[in-house]
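Since the structure comes first, as C-alpha coordinates, the remarks are kept for the end.
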Amino acid sequence: MHKDIATPVRTQEILKKYGFSFKKSLGQNFLIDPNILRNIVSYADLTEDSVAIEVGPGIGALTEHLARSAGQVVSFEIDQRLLPVLEDTLSSYDNVKIVHSDILKADVAKELNEEFAKFKDIMVVANLPYYVTTPILLKLLMEKLPIRGMVVMMQKEVADRISARPGTKAYGSLSIAIQYYMKAEVVMTVPKTVFMPQPNVDSAVIRLTRHAEPPVHVIDEEFLFEVSRGSFAQRRKTILNNLQSQLPDGKAKKEQILAALATCSIDPTRRGETLSIIEFGQLADALYPTFR
Ligand code: SAM
(Lines give C-alpha, C1' and ligand atoms only; values in the text may rest on other atoms or scores of the structure.)
Protein backbone atom coordinates (compact mmCIF):
# COMPACT_ATOMS: atom_id res chain seq x y z
CA MET A 1 0.00 0.00 0.00
CA HIS A 2 1.14 3.56 -0.78
CA LYS A 3 2.24 6.13 1.76
CA ASP A 4 -0.72 8.39 2.56
CA ILE A 5 -1.06 11.34 0.17
CA ALA A 6 -2.16 13.55 3.04
CA THR A 7 1.12 14.10 4.81
CA PRO A 8 2.83 17.47 4.49
CA VAL A 9 5.93 15.89 2.91
CA ARG A 10 4.13 13.76 0.32
CA THR A 11 1.72 16.58 -0.55
CA GLN A 12 4.66 18.94 -1.13
CA GLU A 13 6.36 16.30 -3.31
CA ILE A 14 3.25 15.89 -5.46
CA LEU A 15 2.68 19.65 -5.80
CA LYS A 16 6.30 20.14 -6.79
CA LYS A 17 6.35 17.27 -9.27
CA TYR A 18 3.38 18.78 -11.14
CA GLY A 19 4.24 22.46 -10.56
CA PHE A 20 0.78 22.85 -9.09
CA SER A 21 -0.30 26.24 -7.75
CA PHE A 22 -3.43 26.57 -5.61
CA LYS A 23 -6.41 28.47 -6.95
CA LYS A 24 -8.09 30.33 -4.14
CA SER A 25 -11.13 30.94 -6.35
CA LEU A 26 -11.75 27.16 -6.43
CA GLY A 27 -11.55 26.77 -2.65
CA GLN A 28 -8.39 24.69 -2.89
CA ASN A 29 -7.28 23.91 0.66
CA PHE A 30 -5.93 20.37 0.74
CA LEU A 31 -5.91 18.18 3.84
CA ILE A 32 -2.49 17.13 5.09
CA ASP A 33 -3.45 15.07 8.17
CA PRO A 34 -4.25 11.36 7.72
CA ASN A 35 -5.89 11.16 11.17
CA ILE A 36 -8.55 13.70 10.21
CA LEU A 37 -9.20 11.75 7.02
CA ARG A 38 -9.56 8.46 8.90
CA ASN A 39 -12.04 10.12 11.26
CA ILE A 40 -14.08 11.60 8.41
CA VAL A 41 -14.30 8.24 6.67
CA SER A 42 -15.19 6.38 9.88
CA TYR A 43 -18.20 8.68 10.41
CA ALA A 44 -19.51 7.62 6.99
CA ASP A 45 -19.85 3.90 7.90
CA LEU A 46 -18.85 2.72 4.44
CA THR A 47 -18.83 -0.91 3.33
CA GLU A 48 -18.08 -2.88 0.17
CA ASP A 49 -21.69 -2.18 -0.84
CA SER A 50 -21.26 1.60 -0.67
CA VAL A 51 -20.66 4.15 -3.40
CA ALA A 52 -18.97 7.24 -2.01
CA ILE A 53 -19.64 10.43 -3.96
CA GLU A 54 -16.83 12.92 -3.48
CA VAL A 55 -16.86 16.56 -4.51
CA GLY A 56 -13.40 17.95 -5.26
CA PRO A 57 -10.76 15.23 -4.82
CA GLY A 58 -7.87 17.71 -5.13
CA ILE A 59 -4.76 15.51 -5.28
CA GLY A 60 -6.66 12.53 -3.85
CA ALA A 61 -6.05 12.86 -0.09
CA LEU A 62 -9.55 11.85 0.95
CA THR A 63 -10.23 9.85 -2.20
CA GLU A 64 -7.68 7.16 -1.35
CA HIS A 65 -9.18 6.68 2.12
CA LEU A 66 -12.62 6.35 0.53
CA ALA A 67 -11.27 3.85 -2.00
CA ARG A 68 -10.00 1.68 0.86
CA SER A 69 -13.39 1.67 2.64
CA ALA A 70 -16.09 1.84 -0.07
CA GLY A 71 -16.90 -0.48 -2.96
CA GLN A 72 -16.71 2.39 -5.41
CA VAL A 73 -15.78 6.07 -5.36
CA VAL A 74 -17.06 8.66 -7.83
CA SER A 75 -15.26 11.99 -7.52
CA PHE A 76 -16.22 15.21 -9.31
CA GLU A 77 -13.33 17.61 -9.93
CA ILE A 78 -13.68 20.93 -11.74
CA ASP A 79 -9.96 21.70 -12.14
CA GLN A 80 -8.53 20.05 -15.24
CA ARG A 81 -4.95 20.52 -13.97
CA LEU A 82 -5.65 17.92 -11.27
CA LEU A 83 -6.62 15.11 -13.65
CA PRO A 84 -3.08 13.90 -14.47
CA VAL A 85 -2.14 14.27 -10.80
CA LEU A 86 -5.04 12.07 -9.71
CA GLU A 87 -4.27 9.51 -12.37
CA ASP A 88 -0.83 9.19 -10.82
CA THR A 89 -1.66 9.39 -7.09
CA LEU A 90 -4.63 7.01 -7.31
CA SER A 91 -3.13 4.58 -9.84
CA SER A 92 -3.19 1.67 -7.40
CA TYR A 93 -6.96 1.90 -6.82
CA ASP A 94 -9.25 0.38 -9.44
CA ASN A 95 -12.49 1.46 -7.77
CA VAL A 96 -12.20 5.22 -8.31
CA LYS A 97 -13.88 7.08 -11.15
CA ILE A 98 -12.90 10.72 -11.59
CA VAL A 99 -15.47 12.85 -13.40
CA HIS A 100 -14.10 16.11 -14.78
CA SER A 101 -17.04 18.40 -14.11
CA ASP A 102 -18.42 21.20 -12.05
CA ILE A 103 -20.56 19.30 -9.53
CA LEU A 104 -23.28 21.94 -9.91
CA LYS A 105 -23.59 21.09 -13.62
CA ALA A 106 -23.07 17.33 -13.37
CA ASP A 107 -25.81 14.75 -13.85
CA VAL A 108 -24.92 12.83 -10.70
CA ALA A 109 -27.74 10.30 -10.95
CA LYS A 110 -26.70 9.42 -14.49
CA GLU A 111 -23.06 8.94 -13.49
CA LEU A 112 -24.16 6.57 -10.75
CA ASN A 113 -26.85 4.63 -12.57
CA GLU A 114 -24.89 4.00 -15.73
CA GLU A 115 -22.23 1.96 -13.98
CA PHE A 116 -22.94 1.57 -10.33
CA ALA A 117 -26.60 0.60 -10.02
CA LYS A 118 -25.63 -2.55 -8.12
CA PHE A 119 -24.38 -0.53 -5.14
CA LYS A 120 -27.29 -0.10 -2.79
CA ASP A 121 -25.76 2.39 -0.40
CA ILE A 122 -24.85 5.94 -1.42
CA MET A 123 -22.92 8.36 0.80
CA VAL A 124 -21.51 11.80 0.02
CA VAL A 125 -18.13 12.29 1.68
CA ALA A 126 -16.12 15.41 0.90
CA ASN A 127 -13.92 18.24 1.99
CA LEU A 128 -16.05 20.79 0.16
CA PRO A 129 -14.90 23.87 -1.72
CA TYR A 130 -16.21 26.42 0.80
CA TYR A 131 -17.31 29.04 -1.74
CA VAL A 132 -20.09 26.73 -3.00
CA THR A 133 -20.97 24.65 0.08
CA THR A 134 -24.65 25.55 0.23
CA PRO A 135 -25.48 25.17 -3.49
CA ILE A 136 -23.71 21.79 -3.53
CA LEU A 137 -25.60 20.45 -0.52
CA LEU A 138 -28.94 21.73 -1.78
CA LYS A 139 -28.35 20.31 -5.25
CA LEU A 140 -27.51 16.86 -3.90
CA LEU A 141 -30.52 16.89 -1.57
CA MET A 142 -33.04 18.24 -4.07
CA GLU A 143 -31.99 15.83 -6.82
CA LYS A 144 -33.80 13.11 -4.92
CA LEU A 145 -30.92 10.69 -5.17
CA PRO A 146 -31.32 7.87 -2.65
CA ILE A 147 -28.41 9.18 -0.56
CA ARG A 148 -28.17 7.64 2.94
CA GLY A 149 -26.29 10.64 4.24
CA MET A 150 -23.29 12.91 4.00
CA VAL A 151 -20.12 13.50 5.96
CA VAL A 152 -18.74 16.81 4.78
CA MET A 153 -16.15 19.35 5.83
CA MET A 154 -17.14 22.99 5.52
CA GLN A 155 -16.68 26.39 7.06
CA LYS A 156 -17.63 26.10 10.75
CA GLU A 157 -20.04 29.01 10.58
CA VAL A 158 -22.04 27.24 7.83
CA ALA A 159 -21.95 23.93 9.77
CA ASP A 160 -23.39 25.77 12.77
CA ARG A 161 -26.19 27.24 10.68
CA ILE A 162 -27.04 23.89 9.11
CA SER A 163 -27.26 22.08 12.45
CA ALA A 164 -28.85 24.93 14.45
CA ARG A 165 -31.87 24.38 16.68
CA PRO A 166 -34.87 26.75 16.85
CA GLY A 167 -34.43 29.77 19.11
CA THR A 168 -30.72 30.17 18.35
CA LYS A 169 -29.00 32.91 16.38
CA ALA A 170 -27.66 30.45 13.82
CA TYR A 171 -31.11 28.96 13.06
CA GLY A 172 -32.52 30.01 9.72
CA SER A 173 -33.90 28.89 6.37
CA LEU A 174 -30.71 26.86 5.64
CA SER A 175 -31.23 24.86 8.86
CA ILE A 176 -34.77 24.10 7.71
CA ALA A 177 -33.88 23.24 4.10
CA ILE A 178 -31.30 20.68 5.26
CA GLN A 179 -32.97 19.34 8.41
CA TYR A 180 -36.20 18.74 6.51
CA TYR A 181 -34.35 15.92 4.71
CA MET A 182 -31.60 14.95 7.11
CA LYS A 183 -30.64 14.90 10.76
CA ALA A 184 -27.65 17.27 11.10
CA GLU A 185 -24.83 17.02 13.64
CA VAL A 186 -21.44 18.68 13.88
CA VAL A 187 -19.14 15.73 14.61
CA MET A 188 -15.73 17.44 14.51
CA THR A 189 -14.26 20.90 14.59
CA VAL A 190 -11.04 21.07 12.65
CA PRO A 191 -8.06 23.39 13.14
CA LYS A 192 -6.69 25.45 10.26
CA THR A 193 -3.29 23.76 10.63
CA VAL A 194 -4.42 20.53 8.92
CA PHE A 195 -4.82 22.27 5.55
CA MET A 196 -2.41 23.40 2.89
CA PRO A 197 -2.70 26.32 2.40
CA GLN A 198 -4.43 27.21 5.66
CA PRO A 199 -7.90 28.72 5.12
CA ASN A 200 -8.89 32.03 6.71
CA VAL A 201 -11.89 30.49 8.46
CA ASP A 202 -12.47 27.71 11.00
CA SER A 203 -13.75 24.38 9.72
CA ALA A 204 -16.06 21.65 10.93
CA VAL A 205 -17.28 18.27 9.74
CA ILE A 206 -21.00 17.76 9.65
CA ARG A 207 -22.79 14.42 9.47
CA LEU A 208 -26.19 14.36 7.77
CA THR A 209 -28.38 11.27 8.12
CA ARG A 210 -31.54 10.91 6.07
CA HIS A 211 -34.76 10.72 8.11
CA ALA A 212 -36.76 7.54 7.62
CA GLU A 213 -39.75 9.89 7.45
CA PRO A 214 -39.57 13.69 7.04
CA PRO A 215 -40.35 15.49 10.33
CA VAL A 216 -43.53 16.84 8.75
CA HIS A 217 -45.46 15.95 5.58
CA VAL A 218 -46.28 18.98 3.45
CA ILE A 219 -48.34 19.59 0.33
CA ASP A 220 -45.45 21.28 -1.49
CA GLU A 221 -41.80 21.20 -0.31
CA GLU A 222 -40.85 24.19 -2.48
CA PHE A 223 -43.55 26.26 -0.84
CA LEU A 224 -42.36 25.20 2.64
CA PHE A 225 -38.90 26.55 1.78
CA GLU A 226 -40.42 29.75 0.33
CA VAL A 227 -42.36 30.32 3.56
CA SER A 228 -39.31 29.64 5.75
CA ARG A 229 -37.06 31.91 3.65
CA GLY A 230 -39.69 34.65 3.80
CA SER A 231 -40.04 34.27 7.57
CA PHE A 232 -36.34 34.99 8.09
CA ALA A 233 -36.11 37.83 5.55
CA GLN A 234 -35.67 40.35 8.38
CA ARG A 235 -34.82 38.50 11.55
CA ARG A 236 -35.99 41.25 13.90
CA LYS A 237 -39.45 41.43 12.34
CA THR A 238 -42.40 39.31 13.46
CA ILE A 239 -43.48 36.33 11.41
CA LEU A 240 -46.62 38.24 10.38
CA ASN A 241 -44.66 41.23 9.08
CA ASN A 242 -42.18 39.08 7.23
CA LEU A 243 -44.85 36.96 5.57
CA GLN A 244 -46.82 40.08 4.58
CA SER A 245 -43.77 41.60 2.92
CA GLN A 246 -42.38 38.40 1.38
CA LEU A 247 -45.35 36.41 0.09
CA PRO A 248 -46.85 37.57 -3.23
CA ASP A 249 -49.45 40.25 -2.57
CA GLY A 250 -48.98 39.54 1.14
CA LYS A 251 -49.92 43.04 2.33
CA ALA A 252 -53.39 42.70 0.83
CA LYS A 253 -53.76 39.21 2.26
CA LYS A 254 -53.11 40.02 5.91
CA GLU A 255 -56.39 38.46 7.05
CA GLN A 256 -55.65 35.16 5.31
CA ILE A 257 -52.14 35.10 6.82
CA LEU A 258 -53.57 35.78 10.29
CA ALA A 259 -56.11 33.01 9.78
CA ALA A 260 -53.39 30.55 8.72
CA LEU A 261 -51.28 31.46 11.77
CA ALA A 262 -54.33 30.98 14.02
CA THR A 263 -55.06 27.56 12.47
CA CYS A 264 -51.56 26.49 13.51
CA SER A 265 -51.76 28.19 16.96
CA ILE A 266 -48.78 30.38 16.05
CA ASP A 267 -48.78 33.81 17.69
CA PRO A 268 -48.35 36.39 14.87
CA THR A 269 -45.90 38.38 17.02
CA ARG A 270 -43.41 35.49 17.21
CA ARG A 271 -40.20 35.68 15.20
CA GLY A 272 -39.34 33.11 12.54
CA GLU A 273 -36.38 31.85 14.52
CA THR A 274 -38.71 30.46 17.23
CA LEU A 275 -40.66 28.16 14.87
CA SER A 276 -39.77 24.47 14.60
CA ILE A 277 -39.72 22.69 11.23
CA ILE A 278 -43.00 21.03 12.16
CA GLU A 279 -44.58 24.45 12.76
CA PHE A 280 -43.20 25.76 9.45
CA GLY A 281 -44.65 22.70 7.71
CA GLN A 282 -48.09 23.23 9.24
CA LEU A 283 -47.96 26.94 8.43
CA ALA A 284 -46.94 26.31 4.81
CA ASP A 285 -49.90 23.95 4.36
CA ALA A 286 -52.28 26.46 5.95
CA LEU A 287 -51.02 29.26 3.66
CA TYR A 288 -50.95 27.05 0.57
CA PRO A 289 -54.57 27.54 -0.64
CA THR A 290 -54.15 31.35 -0.54
CA PHE A 291 -50.74 31.60 -2.19
CA ARG A 292 -50.54 28.70 -4.63
N1 SAM B 1 -10.46 16.60 -1.24
C2 SAM B 1 -9.22 17.34 -1.27
C3 SAM B 1 -8.61 17.38 0.11
O4 SAM B 1 -9.37 17.18 1.07
O5 SAM B 1 -7.42 17.62 0.23
C6 SAM B 1 -9.42 18.76 -1.82
C7 SAM B 1 -10.47 19.59 -1.13
S8 SAM B 1 -10.48 21.30 -1.62
C9 SAM B 1 -11.19 22.01 -0.15
C10 SAM B 1 -11.84 21.45 -2.74
C11 SAM B 1 -11.70 20.79 -4.10
O12 SAM B 1 -12.91 21.01 -4.84
C13 SAM B 1 -10.58 21.31 -4.97
O14 SAM B 1 -9.90 20.21 -5.54
C15 SAM B 1 -11.29 22.12 -6.07
O16 SAM B 1 -10.60 22.17 -7.30
C17 SAM B 1 -12.60 21.37 -6.19
N18 SAM B 1 -13.75 22.15 -6.68
C19 SAM B 1 -13.98 23.47 -6.51
N20 SAM B 1 -15.17 23.82 -7.05
C21 SAM B 1 -15.71 22.68 -7.58
C22 SAM B 1 -16.92 22.40 -8.28
N23 SAM B 1 -17.83 23.35 -8.52
N24 SAM B 1 -17.15 21.12 -8.69
C25 SAM B 1 -16.23 20.15 -8.44
N26 SAM B 1 -15.07 20.37 -7.79
C27 SAM B 1 -14.81 21.61 -7.35
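Here the structure is a predicted model, which is why all the values come from computation and not from measurement. As the structure lists them, so they are numbered: ligands from 1, and atoms in each ligand from 1.
Within the 4.5 Å cutoff, the side chain of Q28 has heavy atoms near those of the L82 side chain.
Of all atoms in ligand 1, listed by their number and element, those nearer than 4.0 Å to a heavy atom of D102 are 22 (C), 23 (N), 24 (N). Within ligand 1, counting atoms from 1 as listed, the ones closer than 4.0 Å to a heavy atom of A61 are 5 (O). Close contacts between ligand 1 and F30 involve ligand atoms 5 (O), 6 (C), 14 (O) [criterion: under 4.0 Å to a heavy atom]. Contact atoms of ligand 1 toward L128: 9 (C) (distance under 4.0 Å to a heavy atom of the residue). Close approach of ligand 1 to E77 (heavy-atom distance below 4.0 Å) involves ligand atoms 13 (C), 14 (O), 15 (C), 16 (O), 17 (C), 26 (N).
A donor-acceptor pair under 3.5 Å is absent between the side-chain atoms of D33 and the main chain of F195, judged by distance alone. With hydrogens and angles ignored, the 3.5 Å screen pairs no side-chain donor or acceptor of K23 with any backbone N or O of D79.
Among all protein heavy atoms, the one lying closest to atom 27 (C) of ligand 1 is I78 CG2, 3.5 Å. For atom 4 (O) of ligand 1, the closest non-hydrogen atom on the protein side is N127 ND2, 2.8 Å. Regarding atom 5 (O) of ligand 1, its nearest protein heavy-atom neighbour is L31 N, 2.8 Å. With hydrogens left out, the protein atom closest to atom 19 (C) of ligand 1 is L26 O, 3.1 Å, a heavy atom.
Residue nearest to atom 8 (S) of ligand 1, selected from G27, G56, P199: G27 (by heavy-atom distance). Of all the listed residues (L104, V125, I103), I103 holds the heavy atom that lies closest to atom 24 (N) of ligand 1.
Residue P57 touches ligand 1 through its backbone alone, judged by heavy-atom distances below 4.0 Å. The backbone of F76, and not its side chain, has at least one atom closer than 4.0 Å to an atom of ligand 1 (non-hydrogen atoms only; backbone = N, CA, C, O). Counting heavy atoms under 4.0 Å from ligand 1, residue S101 touches it through the backbone alone. Counting heavy atoms closer than 4.0 Å to ligand 1, residue L82 contributes side-chain atoms (C-beta onward) but none from N, CA, C or O. Contacts with ligand 1 closer than 4.0 Å are made by side-chain heavy atoms of E54 only, the backbone lying farther away.
Side-chain atoms of N29 and Y130 form no donor-acceptor pair, as typed in the model, at a separation below 3.5 Å. Under 3.5 Å, the side chains of Y181 and E221 contain a donor-acceptor pair of N or O atoms. Using a 3.5 Å distance cut-off with no hydrogens or angles, the side chains of Q256 and T290 do not pair a donor with an acceptor. Looking at Y93 and R68, their side chains do bring a donor and an acceptor atom within 3.5 Å of each other. Under the 3.5 Å distance criterion, with hydrogens and angles disregarded, no donor-acceptor pair is assigned to the side chains of R161 and Q155.
Interatomic distance, OG of S75 versus CG of L66, reported as 7.0 Å (0.5 Å rounding).
R292 and E226 are joined by a salt bridge, as a carboxylate oxygen and a charged side-chain nitrogen come within less than 4.0 angstrom of each other. The pair D249-K254 fails the salt-bridge criterion, with no side-chain N (NZ, NE, NH1 or NH2) lying under 4.0 Å from an Asp/Glu carboxylate O. A salt bridge does not link K17 with E13: none of the charged nitrogens is closer than 4.0 Å to a carboxylate oxygen.
Under a 4.0 Å heavy-atom criterion, T63 is not in contact with ligand 1. The shortest separation from a heavy atom of Y131 to ligand 1 is under 4.0 Å, placing the residue in contact.
The shortest N or O to N or O distance between P129 and ligand 1 is not under 3.5 Å. Where the criterion is an N or O separation shorter than 3.5 Å, residue side chain and backbone included, Q28 meets it with respect to ligand 1.
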